[in-house]
Amino acid sequence: MPAAGQAGERCCVTEVLIKVSVFLVIILMGYVLKRVGLFGKDDYRVVSKIIFRLTLPCAVINAFSEGFRKDSLLYLLVLLGLFCNLLLWGLSWLFSRGRGETVRAFYTQNIPGYNIGSFTMPFVQSFLGSFGVVAVCMFDMGNSVMCTGGNYALTSTLMGQAGEGRLKAFFRRLFSSVPIDTYIVLLILSFFGLTLPSPLLALSSQIGAANSFLSMLMVGMTIEISLDGARLKKAAFVLAMRYGAAALFASLFYFAAPFPLEIRQVLVLLSFAPIPSMSPYFTERLCGDASLSGFTSSISFVISIACISSFILLMGIGM
């Protein structure tokens, strides 16, 4: 390889490593500031509200305004996000058979689902640009149907815990999600070729620019490392299931899916997204072990950071 080419490649790798390192530093910052007492244990909830109600919707608005193009393959991503969740939920139900309701609640709420808005989105936003973010949003529409209550509704119904109004409560929870509402409105506008006013786009651009920083800071604030030998086996099984399935999905998406390279790269990163932030809440609602869910979720953040960073380098994303 010519010297100029080698120098250019080294430069690109360095830029990718710098971007990933910045994310890691921000995550570490959130964790350290919580440990030294600057942030309280539950302060991440405030940051989470800012992300999911302001910065994430604005980042999505910017992406759709810059990167959406009518492509039937994009609409398939919605079904793909739904299918991946349903498949993992089915496996979690199967493997929890005969192990008691506590284990069943833990498996069904922590094996399926992808933390996209506050974790994977910033990586894609930084490395793959507007069209990559649009692809993530389409996948997340199907994913969110399950993460915001679908997995819980299925499990509670089959465990005999479903009360009156369960379906109504599910749809109310789903459509009270600001990101989901934003996806739907933008999808309708884009389908009819309509655009938002320039002043609104300018405002959303400023607010959306803070999404990556706040999302990574929140990830650091939510990490809880607590070694408990009695729980490690259950946590290890859930993580093995998630990342074993992630490796399989990523291989199929990258080598066999009928999508352009950019979308296949996005799908690989999405496959390795960590456990959704709502999983401990729904685990507790099903009388499962919420603290174990929180611990497992924290470990999944660490694993996902390593996996996604590695795949960004291996696939040459952003180079």
Side-chain angles (χ1 to χ4, degrees), residues 19-63 109-110 113-127 133 136-137 140 143-144 147-149 173-183 203-226 269-270 272-285 290-291 293-306 308-309:
K19 287 183 179 180
V20 171
S21 298
V22 167
F23 281 147
L24 294 176
V25 169
I26 296 172
I27 291 170
L28 182 61
M29 185 189 306
Y31 179 73
V32 170
L33 292 178
K34 182 185 71 171
R35 296 292 295 178
V36 300
L38 184 62
F39 294 135
K41 182 179 179 181
D42 295 324
D43 284 354
Y44 77 91
R45 299 181 188 276
V46 177
V47 182
S48 175
K49 289 179 180 179
I50 295 173
I51 292 169
F52 285 101
R53 297 179 184 179
L54 284 173
T55 63
L56 176 58
C58 287
V60 171
I61 289 172
N62 297 335
Q109 302 309 300
N110 292 273
Y114 301 93
N115 188 327
I116 291 176
S118 63
F119 186 90
T120 319
M121 183 76 79
F123 281 95
V124 175
Q125 189 177 4
S126 179
F127 289 98
V133 173
V136 168
C137 293
D140 195 31
N143 171 66
S144 295
C147 291
T148 59
R173 185 181 297 114
L174 179 65
F175 291 109
S176 65
S177 167
V178 177
I180 285 289
D181 294 339
T182 304
Y183 294 160
L203 176 63
S204 67
S205 177
Q206 290 296 317
I207 298 173
N211 187 63
S212 295
F213 170 74
L214 288 178
S215 296
M216 294 296 102
L217 187 71
M218 189 191 75
V219 168
M221 293 169 67
T222 58
I223 290 177
E224 291 287 346
I225 305 300
S226 171
L269 301 187
L270 289 173
F272 288 91
I275 294 171
S277 57
M278 291 293 287
S279 292
Y281 167 76
F282 288 123
T283 301
E284 186 175 31
R285 287 286 301 273
S291 61
S293 177
F295 167 73
T296 310
S297 177
S298 297
I299 299 300
S300 77
F301 281 130
V302 177
I303 297 173
S304 291
I305 290 168
I308 290 177
S309 301

**Q** Can you list every ring pair (Phe, Tyr, Trp, His ring centres under 6.0 Å) pair that touches residues 20-55, not counting sequence neighbours?
**A** Phe23-Phe123
**Q** Can you list everything that forms a side-chain contact (heavy atoms from CB on, under 4.5 Å) with Thr283? Sequence neighbours excluded, please.
**A** Gln109, Asn110, Ser293
**Q** What is the distance from atom OG of Ser48 to atom CG of Leu56, rounded to the nearest 0.5 Å?
**A** 10.0 Å
**Q** Determine whether Ile305 and Phe119 make a side-chain contact, defined as any pair of heavy atoms from C-beta on separated by less than 4.5 Å.
**A** yes
**Q** Hey, what do you get for NZ (Lys49) to CE (Met218), rounding to the nearest 0.5 Å?
**A** 13.0 Å
**Q** Between Leu28 and Leu24, does a side chain to side chain contact (heavy atoms under 4.5 Å, CB included) hold up when you go through it step by step?
**A** CA-CA 6 Å; Leu28 182 61; Leu24 294 176; over 6 Å; no
**Q** Give me the one residue out of Ile61, Leu54, Val60 that meets side chain to side chain contact (heavy atoms under 4.5 Å, CB included) with Ser204.
**A** Ile61
**Q** Once rounded to the nearest 0.5 Å, what's the spacing between atom CG of Leu269 and atom CD1 of Ile116?
**A** 11.0 Å
**Q** State, to 0.1 Å, how close Gln125 and Gly208 come at their nearest heavy-atom pair, and which atoms those are.
**A** NE2-O, 3.6 Å
**Q** List the atom of Ser304, the atom of Ala273, and the distance in Å for their closest heavy-atom pair.
**A** OG-C, 3.5 Å
**Q** How many angstroms lie between CG in Leu270 and CG in Asn115, if you round to the nearest 0.5 Å?
**A** 11.0 Å
**Q** Closest approach of Cys147 and Gly113, non-hydrogen atoms and distance?
**A** SG-CA, 3.6 Å
**Q** When you measure from the side chain of Ser126 to the backbone of Pro122, do you find a donor-acceptor pair of N or O atoms at a distance under 3.5 Å?
**A** no
**Q** Answer yes or no: is there a donor N or O on one side and an acceptor on the other, between the side chain of Ser297 and the main chain of Gly294, under 3.5 Å?
**A** no
**Q** Heavy atoms only: give me the nearest Ile51-Leu214 pair and the separation to one decimal.
**A** CD1-O, 3.4 Å
**Q** Which heavy-atom pair separates Pro276 from Pro280 by the least distance, and what is that distance?
**A** O-CD, 4.0 Å
**Q** Please round to the nearest 0.5 Å and tell me the distance separating atom OH of Tyr114 and atom OG of Ser144.
**A** 13.0 Å
**Q** List the steps and the verdict of side chain to side chain contact (heavy atoms under 4.5 Å, CB included) for Cys137 and Met121.
**A** CA-CA 9 Å; Cys137 293; Met121 183 76 79; 3.9 Å; yes
**Q** Taking atom CG of Asn211 and atom CE of Met216, what is their separation to the nearest 0.5 Å?
**A** 8.5 Å
**Q** Which atom pair, heavy atoms only, marks the closest approach of Thr55 to Ala210?
**A** CG2-CB, 4.2 Å
